[in-house]
Every structure is written in structure tokens, then in C-alpha cells.
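Below, chains carry the letters A, B, ... as their sequence lines are ordered, and counting in each starts from 1.
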Number of protein chains: 2
Amino acid sequence: MVTDGKGVDAGLLQTRYRLTKQRAAILRALEDGAHLTAEAIHERVRAELPAVSLGTIYRTLDILRAIGLVQVFAHGGAARYEAALDKHHHLVCLACSEIVNVPAPQLVSIALAVAQDHRYSGVDAAMVITGRCARCAGLARNGIGLT
Amino acid sequence: MVTDGKGVDAGLLQTRYRLTKQRAAILRALEDGAHLTAEAIHERVRAELPAVSLGTIYRTLDILRAIGLVQVFAHGGAARYEAALDKHHHLVCLACSEIVNVPAPQLVSIALAVAQDHRYSGVDAAMVITGRCARCAGLARNGIGLT
DNA sequence: CTCTCTGCAAAGCATTTGCACATTG
DNA sequence: CAATGTGCAAATGCTTTGCAGAGAG
């Protein structure tokens with residue numbers, strides 16, 4: 001894990017932002033789980049700091065995103081946050097909402113080509129692949145109701 | 001335009017859904033503008049049917065999406081809707097929020113390969129490329145404030 | 001005529017924000 | 001200490017929903 005203790009903290013310390021115990025806890029929460037909603041992070045952080053408010057979670061996540069320590073991924077109701085370790089994309093099961101991280105380095109060149117065509121600079125690309133995972137596809141085949 | 005008058009209407013008529021004047025107006029609004037928010041569609045539809053409610057817009061868009069006549073694209077605050085004519089992706093300027101439709105047929109094979117690796121079926125892929133358009137990049141270079 | 005739609009208004013979430021107090025560096 | 005961060009609670013913005021009457025087929 002790239003962002004263990006010192007690594008993560010250093011990220012914050014190199015900015016004008018302060019390293020509070022709340023922010024440290026949020027970063028720790030992000031190290032464990034992936035694709036966490038703000039709510040989910042709130043619960044985890046509360047385990048050690050019961051008084052933390054959801055507002056603080058959102059404010060901190062916003063800062064971390066601005067710094068580049070955290071990546072957001074929107075799909076369905078709430079936004080999902082994860083530590084920005086490696087560049088990856090998302091494979092989502094439409095039936096059970098499982099989210100799998102997948103690499104796709106080829107995307108960079110496609111995105112760059114498209115960007116160049118339109119004179120865009122400083123580009124980044126995010127891909128979301130939707131479908132049905134093997135388990136859900138199997139259940140559907142057996143007539144068990146799915147969307 | 002593929003979905004002119006009869007074409008669009010036929011799409012609805014082939015289902016159990018009724019073709020009301022509200023729905024027809026919404027489809028017409030979608031033919032003109034692209035990347036419209038529900039609010040924007042509401043305004044356009046109101047031009048001919050002043051009494052239409054926003055609730056009806058949302059309910060209709062949801063049906064159209066389910067049928068496959070409309071594609072949704074979430075970026076920033078509100079969801080954006082567009083007629084599902086051709087398969088394309090989005091190039092978004094982070095400074096001025098311009099949204100450009102771009103093709104990227106290569107994505108299909110990448111998505112299929114990824115999906116196969118994870119035994120996913122019935123897949124679809126959506127890519128969003130973010131960056132700065134030429135105009136905004138130029139303004140930034142001249143010291144005019146941008147985000 | 002029956003079943004589906006619609007307008008209206010209220011409710012539901014996720015997220016943001018103002019403010020007085022607590023904390024960090 | 002001065003500047004930044006936090007908790008709380010209220011506010012916001014987008015979207016959904018219940019219901020009684022209107023309209024499509």
C-alpha cells in the first residue's frame with residue numbers, strides 16, 4: 001500500500017492544510033476500503049472518533065481530491081471515494097452493484113488522440129464499464145428475479 | 001437526424017407506454033439540444049406546454065432511458081440527457097464546462113477484453129475525458145483567472 | 001371505459017454552508 | 001496567537017413519490 005502512515009500524512013503536510021486527527025482517520029479509512037461513500041467513511045471514522053461530523057468528511061474529501069490524494073467515482077446515488085494510488089477504471093455489475101477496479105492503459109493514448117483533435121490540453125480519461133457479473137448472470141439464467 | 005417526428009414517436013408506441021403531448025414535446029426538445037439538464041428540458045417544453053411539471057420531465061426521461069431512447073451523462077451537479085442516436089463519449093472542459101461528443105470505437109474491444117477477464121456479460125462502456133479546451137487554456141496563459 | 005399519465009406539492013437523499021468554538025502549527 | 005478546522009444544524013439542489021383528477025387508446 002503506497003499511502004501508509006507517513007506517506008499519506010506527508011501528502012497533506014506539504015500543503016497549507018493542517019493534519020488533524022480527523023483527516024488522518026479519514027485517510028486511514030480510505031486505505032482499507034475502496035469505493036466508499038461519504039456515509040461509509042463517516043461510519044468507519046466514527047469508530048475511533050465518535051464525534052466527527054459528516055460535514056467534516058465532505059470537507060476533507062474535497063480537499064484531498066483537490067490535492068490529488070483521492071479519486072471520486074460517481075455511479076448511482078452517492079459518490080464513491082478511493083485513495084488515488086494507481087490509475088484504474090471501473091467495472092460495475094448492474095445487478096449486484098459490485099465494483100471492480102480494472103486497469104486499461106490503452107485508454108491514455110485514445111484520450112490523448114481525441115483531445116488533440118479538439119485542441120484540449122491537460123487531459124485525463126475515466127472509463128466505466130457496466131454489465132453483469134458471472135454470478136448475477138447465472139442467477140438470472142435460473143429465473144431468479146433481477147433487474 | 002435519426003429521431004425526427006415519426007421515428008421517435010414510433011419508439012414509444014412500440015411499448016406499453018402512451019404517447020402523450022408532453023412526451024412528444026420532451027422528445028422534440030431532446031432532438032434539438034444535447035446534454036440538457038432536466039431543468040433545461042423543462043424550460044424548453046414549457047415553451048409549448050406551459051403547465052408541464054418537472055416531475056413529468058423526470059418520469060418521462062426515466063422511461064425513455066429504460067427503453068433506450070435516451071442516454072444519461074452525469075457530470076457535476078445535475079444529470080444531462082441526450083437522444084441515444086449514436087454511441088459516443090464525452091470530452092469536458094473543466095474550466096468552461098463545454099461538453100463535446102466524441103467517437104471512440106476502439107473502446108468496445110477494450111471493454112470486451114476487460115469484461116471477459118472478469119466473466120462479465122452484456123457490457124457497455126462509457127468514457128469521459130476531462131481537460132481544458134483551447135480557448136480556456138489560452139485565457140489561463142494570459143493570467144485570466146480560471147479554476 | 002379502463003388503465004396510464006399528469007400536475008401539484010411534499011418528501012427524500014446527498015451534499016454544502018454559516019457560525020461560534022476548538023485546534024493546529 | 002493567528003489562522004485554519006470542526007461540530008452542529010439549517011439550507012440547498014436534484015430527484016422521487018403519493019395522490020386525485022385528466023386523458024389516451
Task: Euclidean distance, atom CD1 of residue Ile26(B) to atom P of dT6(C) [Å, nearest integer] - done: 7 Å
Open item on the list: The side chain of Thr20(A) is closest to which nucleotide in this list: dC5(C), dT15(D), dT24(C)?
Closed with: dT24(C)
Open item on the list: Checking contacts here: which listed nucleotide (dT6(D), dG7(D), dC8(C)) is nearest the side-chain heavy atoms of Val52(A)?
Closed with: dG7(D)
- [ ] Please state whether the phosphate of dT23(C), meaning OP1 or OP2, lies under 4.0 angstrom from any side-chain nitrogen or oxygen of Gln22(A).
- [x] no
- [ ] Figure out the CG/C1' separation between Asp62(A) and dT16(C), and round it to whole Å.
- [x] 10 Å
TODO: Go through the N and O atoms of the side chain of Arg59(A) and the base of dG7(D), and report whether any donor-acceptor pair is under 3.5 Å.
DONE: yes
Open item on the list: I'd like to know whether CD of Glu48(A) has more than 12 heavy-atom contacts from other residues, nucleotides or ligands below 6.0 angstrom.
Closed with: yes
- [ ] Return the nearest nucleotide to the side chain of Arg18(B); candidates are dT6(C), dA24(D), dG5(D).
- [x] dA24(D)
Task: Between C1' of dT17(C) and OH of Tyr58(A), the distance in whole Å - done: 14 Å
Task: Within residues 70-80 of chain A: residues closer than 4.0 Å to DNA chain C (heavy atoms) - done: Ala78(A), Ala79(A)
Open item on the list: Using a 6.0 Å cut-off, check whether atom CD of Gln106(A) has over 12 heavy atoms from anything other than its own residue.
Closed with: yes
Open item on the list: If you only use heavy atoms from C-beta on, which nucleotide in dT4(D), dT15(D), dC5(C) is closest to the side chain of Arg23(B)?
Closed with: dC5(C)
Task: Pair Asp62(A) + Arg65(A), salt bridge at N-O below 4.0 Å - done: yes
